[in-house]
Amino acid sequence: MFHLNSVWRDSSKFGDIFDEEFFIYALRNNVKIIRELPEEILERFDHNISNIVNLRVKAWSSPKHYLQKVLPKLLELRAVRIAPFSNRLAHAVPSNIQDLRCLANYEALRFSRSIRLLAERMVDRMVKNSSISGGKYISVHLRFEEDMVAFSCCTYDGGDEEKREMDIARERSWRGKFKKHGRIIRPGVIRMDGKCPLTPLEVGIMLRAMGFDNTTSVYVAAGRIYRAGKYMAPLRQMFPLLETKETLATELELAPFQGHSSRLAALDYTVCLHSEVFVTTQGGNFPHFLMGHRRYFYGGHAKTIKPDKRKLALLFDSPHIRWENFKRQMQEMLHHSDLKGSELRKHSSSLYTFPMPDCMCKQVEARKADSNVTVVS
């Protein structure tokens, strides 16, 4: 059951986004998954799921915690809830649990049929539109939506009107969070710390300096860009072969997905997954999962550009920097990003961003085992 996010307000259920039948089938040898609680258990809770005890498990809990604290309650009550649910299991766990995690994340989870069908058509169109570069394109996750700009508390060049719009957006989605007594917001400090969303113009300048010219096919994955008419114009001018889901799919094709941000994000996710290069401009679940998925999908050879935003802020705000100097530093940044394609997971890092070695070495072993099987007909 998904939490209804106060910003995205998407009422989609699991089966609307993911292929539920396939998920259940893929995990059939490990986990028994049911869609509804049995009647006799529902009766114990007056047919109201909210009456079931909610075990507020701490983030990054160990398997031992589940065995000692959660399992006894589950056996006693026959049903428990865990909410919030994300990040409730430690990164480092025994290999049998990690194997199940790999299976669930990288094999069992796939998008629903309606999402897959449209996403595949969009990828095909993107490849066709990239004929100049042999069907290769780059994807950019551009986090410059109104809510992202508002949440960051960064300031751009919109003056008093921008401030008024951002104040309204913050109050609408976070009700007083940014007006708490004693809270001081320093946009300049936030920018120097590399936490401001990059503008489309800044992304364009960065990519051109890295060597991507105006014949490069670019797919921009984003929600509704803040003041899109104004801010997207320079990026489109620098990259005329720029596409978004709104230009790549027809209005009729997108109609069933409108109003459901998670399903629209799934379309973006798939087109980014199949790109030659993925550019992430801000943190969050989308880029972190996508980087891991691309590493897994391409055997560690996926190219990802994750810019150093602290360094970028200094360079962009330097009034005397010459283009050749900026270009050299951007190409160094690009080289550093390319080197991280098959980076090993550190003990405290997320399996979903770094599937090597836990998931990918098992994958290679399974392929070798399959290739050694002799089939007799």
Side-chain angles (χ1 to χ4, degrees), residues 118-146 148-149 156-158 197-254 257 264-265 267-282 286-287 290 294 302-307 309 312 315-316 321-324 326-331 333-335 337-338:
L118 179 54
E120 284 165 12
R121 287 200 293 270
M122 290 169 65
V123 171
D124 288 344
R125 290 166 192 169
M126 199 67 213
V127 169
K128 189 176 178 181
N129 294 349
S130 310
S131 56
I132 298 173
S133 53
K136 295 176 179 178
Y137 61 92
I138 72 170
S139 58
V140 180
H141 184 223
L142 186 59
R143 292 309 314 271
F144 203 70
E145 302 94 345
E146 183 180 76
M148 193 67 220
V149 175
Y156 295 92
D157 58 357
L198 294 177
T199 67
L201 173 61
E202 289 171 336
V203 171
I205 293 171
M206 177 188 78
L207 292 177
R208 289 303 291 266
M210 286 179 172
F212 297 100
D213 63 22
N214 63 0
T215 65
T216 305
S217 288
V218 178
Y219 180 82
V220 171
R224 188 176 295 173
I225 297 295
Y226 174 58
R227 294 192 180 184
K230 171 187 174 182
Y231 284 110
M232 284 297 289
L235 182 60
R236 288 187 185 279
Q237 194 172 1
M238 282 186 271
F239 295 98
L241 301 179
L242 185 149
E243 303 278 4
T244 64
K245 55 183 168 290
E246 289 81 12
T247 63
L248 212 52
T250 68
E251 199 173 315
L252 189 63
E253 287 174 323
L254 286 176
F257 302 91
L264 290 168
L267 296 174
D268 277 341
Y269 185 99
T270 306
V271 182
C272 292
L273 178 65
H274 292 280
S275 63
E276 175 72 7
V277 178
F278 171 62
V279 184
T280 172
T281 64
Q282 193 76 9
F286 185 102
L290 189 54
R294 283 169 55 81
K303 294 178 183 178
T304 297
I305 297 174
K306 188 179 178 185
K309 290 175 66 184
L312 272 178
L315 294 173
F316 281 136
I321 190 165
R322 298 179 68 85
W323 176 246
E324 286 306 315
F326 180 78
K327 194 173 170 182
R328 179 178 53 79
Q329 300 213 43
M330 288 302 97
Q331 286 168 355
M333 199 179 286
L334 173 65
H335 178 65
S337 293
D338 276 353

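Quick caveat, the model's predicted, so the values are computed rather than measured.
- The backbone N or O of Met126 lies less than 3.5 Å from a partner atom in the side chain of Ser130, making a donor-acceptor pair.
- Residues satisfying the ring pair (Phe, Tyr, Trp, His ring centres under 6.0 Å) test with Phe144, not counting sequence neighbours, are Tyr156, Tyr231.
- In terms of heavy-atom proximity, Leu290 sits nearest to Cys272 at CD2-CB, 3.3 Å.
- In this structure the side chain of Met330 reaches within 4.5 angstrom of the side chain of Leu312, judged on heavy atoms.
- For Glu253, the side-chain contact (heavy atoms from CB on, under 4.5 Å) test picks out Leu118, Arg121, Arg125, Ala249, Thr250, with sequence neighbours left out.
- Residues in residues 268-281 take part in these salt bridge (Lys or Arg N to Asp or Glu O under 4.0 Å) pairs, two or more places apart or across chains: Lys245-Asp268, Glu276-Lys303.
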Carefully, step by step, assess Phe326 and Phe316 under the rule ring pair (Phe, Tyr, Trp, His ring centres under 6.0 Å).
CA-CA 9 Å; Phe326 180 78; Phe316 281 136; 5.6 Å; yes
Using side chain to side chain contact (heavy atoms under 4.5 Å, CB included), reason through Met232 and Leu142 one step at a time and then give a plain yes or no.
CA-CA 11 Å; Met232 284 297 289; Leu142 186 59; 3.9 Å; yes
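- To the nearest 0.5 Å, atoms CG (Leu207) and CG (Asp213) are separated by 11.5 Å.
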Output, in order, the C-alpha distance, side-chain angles, deciding distance and verdict of side chain to side chain contact (heavy atoms under 4.5 Å, CB included) for Thr270 and Met122.
CA-CA 9 Å; Thr270 306; Met122 290 169 65; over 6 Å; no
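- Side chain of Glu145 to backbone of Gly223: a donor-acceptor contact under 3.5 angstrom is found.
- Note on ring orientation: taking the six-membered ring where Trp is involved, the planes of Phe286 and Phe278 are tilted (angle from 30° to 60°).
- Side chains of Asn214 and Pro240 form a contact here, defined as non-hydrogen atoms less than 4.5 Å apart.
- Here the straight-line distance linking atom OH of Tyr219 with atom NE2 of His274 works out to 12.0 Å at 0.5 Å rounding.
- Two residues are said to be in side-chain contact when any heavy atoms from C-beta on lie closer than 4.5 Å; Gln282 and Pro287 fail this criterion.
- Applying the side-chain contact (heavy atoms from CB on, under 4.5 Å) criterion to Leu241, with sequence neighbours excluded, gives Ile132, Ser217.
- Counted within 6.0 Å of CD on Glu246, heavy atoms from surrounding residues, nucleotides or ligands total more than 12; the atom is thus considered enclosed.
- Atom CZ of Arg224 sits in a sparse spot, with 12 or fewer heavy atoms from other residues, nucleotides or ligands closer than 6.0 Å.
- Rounded to the nearest 0.5 Å, atoms OG1 (Thr281) and NZ (Lys309) are 6.0 Å apart.
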I'd like to know whether Gln329 forms a side chain to side chain contact (heavy atoms under 4.5 Å, CB included) with Leu315, so could you lay out the CA-CA distance, the side-chain angles of the two residues, the decisive distance to 0.1 Å, and finally the verdict.
CA-CA 9 Å; Gln329 300 213 43; Leu315 294 173; 3.7 Å; yes
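- In summary, of the residues considered (Ile225, Val220, Val218, Thr199), a side-chain contact (heavy atoms from CB on, under 4.5 Å) with Leu235 occurs for Val220 alone.
- Closest of all the heavy-atom pairs between Pro197 and Glu202 is O-OE1, 4.3 Å.
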Could you list the donor-acceptor pairs under 3.5 angstrom formed between side-chain atoms of residues 134-141 and any protein atom two or more places apart in sequence or on another chain?
{"residue": "Tyr137", "atom": "OH", "partner": "Val271", "partner atom": "O", "Å": "2.7"}
{"residue": "Ser139", "atom": "OG", "partner": "Ser275", "partner atom": "OG", "Å": "2.8"}
{"residue": "Ser139", "atom": "OG", "partner": "Val277", "partner atom": "O", "Å": "3.4"}

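- Pairs engaging residues 225-234 under the salt bridge (Lys or Arg N to Asp or Glu O under 4.0 Å) rule: Asp157-Lys230, Glu161-Arg227, Glu165-Arg227 [sequence neighbours left out].
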Please step through side chain to side chain contact (heavy atoms under 4.5 Å, CB included) for the pair Phe212 and Ile305, ending with a clear verdict.
CA-CA 12 Å; Phe212 297 100; Ile305 297 174; 3.9 Å; yes
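- In this structure a side-chain-to-backbone donor-acceptor pair under 3.5 Å is present from Arg294 to Leu273.
- A donor-acceptor pair under 3.5 Å is formed between the side chain of Arg208 and the backbone N or O of Met238.
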